[in-house]
2 protein chains.
Amino acid sequence: MKNIVETLKTLKLKVTPARIAILEIFSISDKPLSVEIIAKRMKDKQINQVTIYRTIESLVSAGIVGRIDLRRDAIFYELIDEHHHHHIVCTKCGLLEDFETCQIEEVSKNIILKSKKFKMIQDHSFELFGICNSCSRKNV
Amino acid sequence: MKNIVETLKTLKLKVTPARIAILEIFSISDKPLSVEIIAKRMKDKQINQVTIYRTIESLVSAGIVGRIDLRRDAIFYELIDEHHHHHIVCTKCGLLEDFETCQIEEVSKNIILKSKKFKMIQDHSFELFGICNSCSRKNV
DNA sequence: TTTCAATTGCAAGTCGATTGCATTTGAGTT
DNA sequence: AACTCAAATGCAATCGACTTGCAATTGAAA
Ligand SMILES: [Mn+2]
Ligand SMILES: [Mn+2]
Ligand SMILES: [Zn+2]
Ligand SMILES: [Zn+2]
């Protein structure tokens with residue numbers, strides 16, 4: 001994410017303290033974040049939790065933030081990366097790793113060809129779940 | 001699903017009215033169901049909603065029911081089919097279509113080879129989201 | 001039929017997320 | 001630089017999917 005203010009202007013979103021703060025937190029992190037985590041990372045800023053929810057919603061609608069179900073206790077969000085990717089999640093401890101090969105182009109092309117009900121796919125979820133090496137060692 | 005009672009016995013799960021009723025509803029349906037939908041389909045049975053939650057949990061743990069996030073208002077569940085498959089969901093109306101090509105074998109093999117944190121993948125989510133033909137026609 | 005862990009129903013609780021409303025503010029207009 | 005107003009914000013209340021505690025019931029093994 002180059003310049004946050006410029007990005008917001010390009011998207012025709014008002015440049016507000018909440019949007020700047022949240023986009024800053026996202027751009028520093030290389031991992032998906034929950035609302036709870038974002039709230040904790042607001043140092044001095046002090047932004048209402050409802051505002052965080054609403055701000056994230058606006059960023060998701062604008063198409064620069066993605067929503068991910070990692071099968072944990074809350075929804076996670078991350079900046080939509082130039083490198084399209086997904087995640088492997090440890091179902092014990094939540095450890096994350098990215099992966100980039102999802103072959104969505106071929107798969108969705110194929111599916112659209114066969115489908116009678118859909119002509120267009122906008123989005124997809126694809127996450128892998130397993131036990132990480134560290135957790136595997138723990139319960140032998 | 002062949003015989004429900006036999007299935008439960010094989011899984012060493014007690015044969016209870018709730019399990020039978022819920023497995024019956026699942027086996028009749030070709031679509032994922034939410035707890036709310038399942039509750040509505042209980043004709044005369046009258047089973048407490050908490051019991052439905054707990055029963056589904058036991059079936060998920062037993063490995064015969066799968067949990068799916070279709071980005072709707074609740075979690076959906078379906079019998080784990082002999083034909084591994086996923087879904088395309090209309091983000092407007094919720095219309096569903098199945099697809100079977102997900103190439104999980106190749107993809108996960110590749111990922112495990114590269115990964116330093118994971119040696120094993122247990123499960124995956126993969127759902128496609130779009131607008132169905134019917135909804136596309138509606139808002140031109 | 002005796003036994004007991006598993007299951008169930010009911011009520012209450014949890015908690016992430018949403019909503020209503022009055023106030024403030026970003027940013028375009030004069 | 002002041003004016004204007006839709007959008008954004010904070011606070012409190014609320015929603016609603018889901019969970020939990022507990023006493024009563026029941027499936028199934030002995
Ligand atoms: Mn990521
Ligand atoms: Mn299905
Ligand atoms: Zn992908
Ligand atoms: Zn698959």
Side-chain angles (χ1 to χ4, degrees), chain A residues 3-25 32-42 44-78 94, chain B residues 3-25 32-42 44-78 94:
Chain A
N3 184 316
I4 289 175
V5 174
E6 282 315 305
T7 305
L8 287 173
K9 284 183 177 169
T10 307
L11 293 169
K12 292 194 163 43
L13 291 176
K14 276 193 188 176
V15 179
T16 66
R19 292 212 176 104
I20 293 173
I22 290 174
L23 282 179
E24 243 158 26
I25 290 171
L33 305 172
S34 65
V35 167
E36 189 191 0
I37 296 173
I38 292 171
K40 277 181 188 157
R41 299 210 182 158
M42 296 283 179
D44 40 0
K45 299 283 176 183
Q46 190 68 357
I47 287 173
N48 190 284
Q49 198 172 10
V50 176
T51 302
I52 300 179
Y53 277 108
R54 292 197 268 224
T55 301
I56 289 177
E57 186 51 43
S58 76
L59 299 175
V60 170
S61 294
I64 58 171
V65 165
R67 196 191 313 260
I68 316 170
D69 175 21
L70 299 176
R71 297 190 187 170
R72 305 206 66 76
D73 43 11
I75 299 173
F76 281 71
Y77 303 88
E78 69 178 355
Chain B
N3 184 316
I4 288 174
V5 174
E6 282 316 304
T7 304
L8 287 173
K9 284 183 177 170
T10 306
L11 294 168
K12 294 194 163 41
L13 290 177
K14 276 194 186 175
V15 180
T16 65
R19 291 211 176 106
I20 293 173
I22 290 175
L23 282 180
E24 241 159 28
I25 290 172
L33 306 172
S34 65
V35 167
E36 190 190 359
I37 296 173
I38 292 170
K40 278 181 189 156
R41 299 211 182 157
M42 296 283 178
D44 39 1
K45 299 283 175 181
Q46 189 68 359
I47 288 175
N48 190 283
Q49 199 172 9
V50 177
T51 302
I52 300 179
Y53 277 108
R54 292 198 268 224
T55 301
I56 289 176
E57 187 51 43
S58 75
L59 299 175
V60 171
S61 294
I64 57 170
V65 165
R67 197 192 311 261
I68 316 168
D69 176 20
L70 299 175
R71 296 190 187 170
R72 307 205 66 77
D73 44 10
I75 299 173
F76 281 71
Y77 303 88
E78 68 179 356

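Residue numbering restarts at 1 for every chain, and letters A, B, ... go by the order of the sequence lines. Only this structure's heavy atoms are used, side chains among them; waters, hydrogens and symmetry mates stay out.
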*asked:* Assess the residue pair B/Ile56 and B/Ile38 against the criterion (side chain to side chain contact (heavy atoms under 4.5 Å, CB included)); give the C-alpha distance rounded to whole Å, side-chain angles, the decisive distance to 0.1 Å, and a yes or no.
replied: CA-CA 10 Å; B/Ile56 289 176; B/Ile38 292 170; 3.7 Å; yes
Can you measure from [atom1] ([X]) to [atom2] ([Y]) and round to the nearest 0.5 angstrom?
{"X": "A/Ile4", "Y": "A/Ile22", "atom1": "CD1", "atom2": "CD1", "value": "11.0 Å"}
{"X": "A/Ile37", "Y": "A/Ile25", "atom1": "CD1", "atom2": "CD1", "value": "10.5 Å"}
{"X": "B/Leu11", "Y": "B/Leu59", "atom1": "CG", "atom2": "CG", "value": "8.5 Å"}

Shortest non-hydrogen separation from [X] to [Y] and the atoms involved:
{"X": "A/Asn3", "Y": "A/Val5", "answer": "OD1-N, 2.8 Å"}
{"X": "A/Ile47", "Y": "A/Ala18", "answer": "CD1-CA, 3.4 Å"}
{"X": "B/Leu13", "Y": "B/Ala62", "answer": "CD1-CB, 3.8 Å"}

*asked:* Enumerate the salt bridge (charged side-chain N to carboxylate O under 4.0 Å, His left out) contacts for residues 45-59 of chain B, please, sequence neighbours excluded, ordered by first and then second residue.
replied: B/Glu57-B/Arg67
*Is there any salt bridge (charged side-chain N to carboxylate O under 4.0 Å, His left out) pair reaching into residues 7-24 of chain B, and which pairs are they, with sequence neighbours excluded?*
none
*For nucleotides 10-17 of chain D, just jot down a letter per nucleotide in 5' to 3' order: B, S or -, based on protein non-hydrogen atoms under 4.0 Å.*
BBB----S
_Touch class at under 4.0 angstrom, heavy-atom based, for A/Thr55 against every strand present_ = sugar-phosphate
Interface polar pairs with nucleotides 26-30 of chain D, N/O, under 3.5 angstrom:
unit_1: D/dA28; atom_1: OP1; unit_2: B/Val15; atom_2: N; d: 2.6

Side chains of residues 69-77 of chain B: which donor-acceptor pairs under 3.5 Å do they make with residues two or more places apart or in other chains?
unit_1: B/Asp69; atom_1: OD1; unit_2: B/Arg71; atom_2: N; d: 2.9
unit_1: B/Arg71; atom_1: NH1; unit_2: A/Asp123; atom_2: OD2; d: 2.8
unit_1: B/Arg72; atom_1: NH1; unit_2: B/Cys90; atom_2: O; d: 3.4

_From CA spacing to verdict: side chain to side chain contact (heavy atoms under 4.5 Å, CB included), B/Ile64, B/Leu23_ = CA-CA 10 Å; B/Ile64 57 170; B/Leu23 282 180; 4.0 Å; yes
*Check salt bridge (charged side-chain N to carboxylate O under 4.0 Å, His left out) between A/Lys40 and all other residues, then give those that pass, not counting sequence neighbours.*
A/Glu36
*When you list every nucleotide of DNA chain C with an atom under 4.0 Å from a heavy atom of chain B, which one comes first 5' to 3', and which comes last?*
C/dA5 to C/dA11
*In degrees rounded to 10°, what angle is found between the helical axes fit to the five outermost pairs at each end of the helix from C/dT1-D/dA30 to C/dT30-D/dA1?*
40°
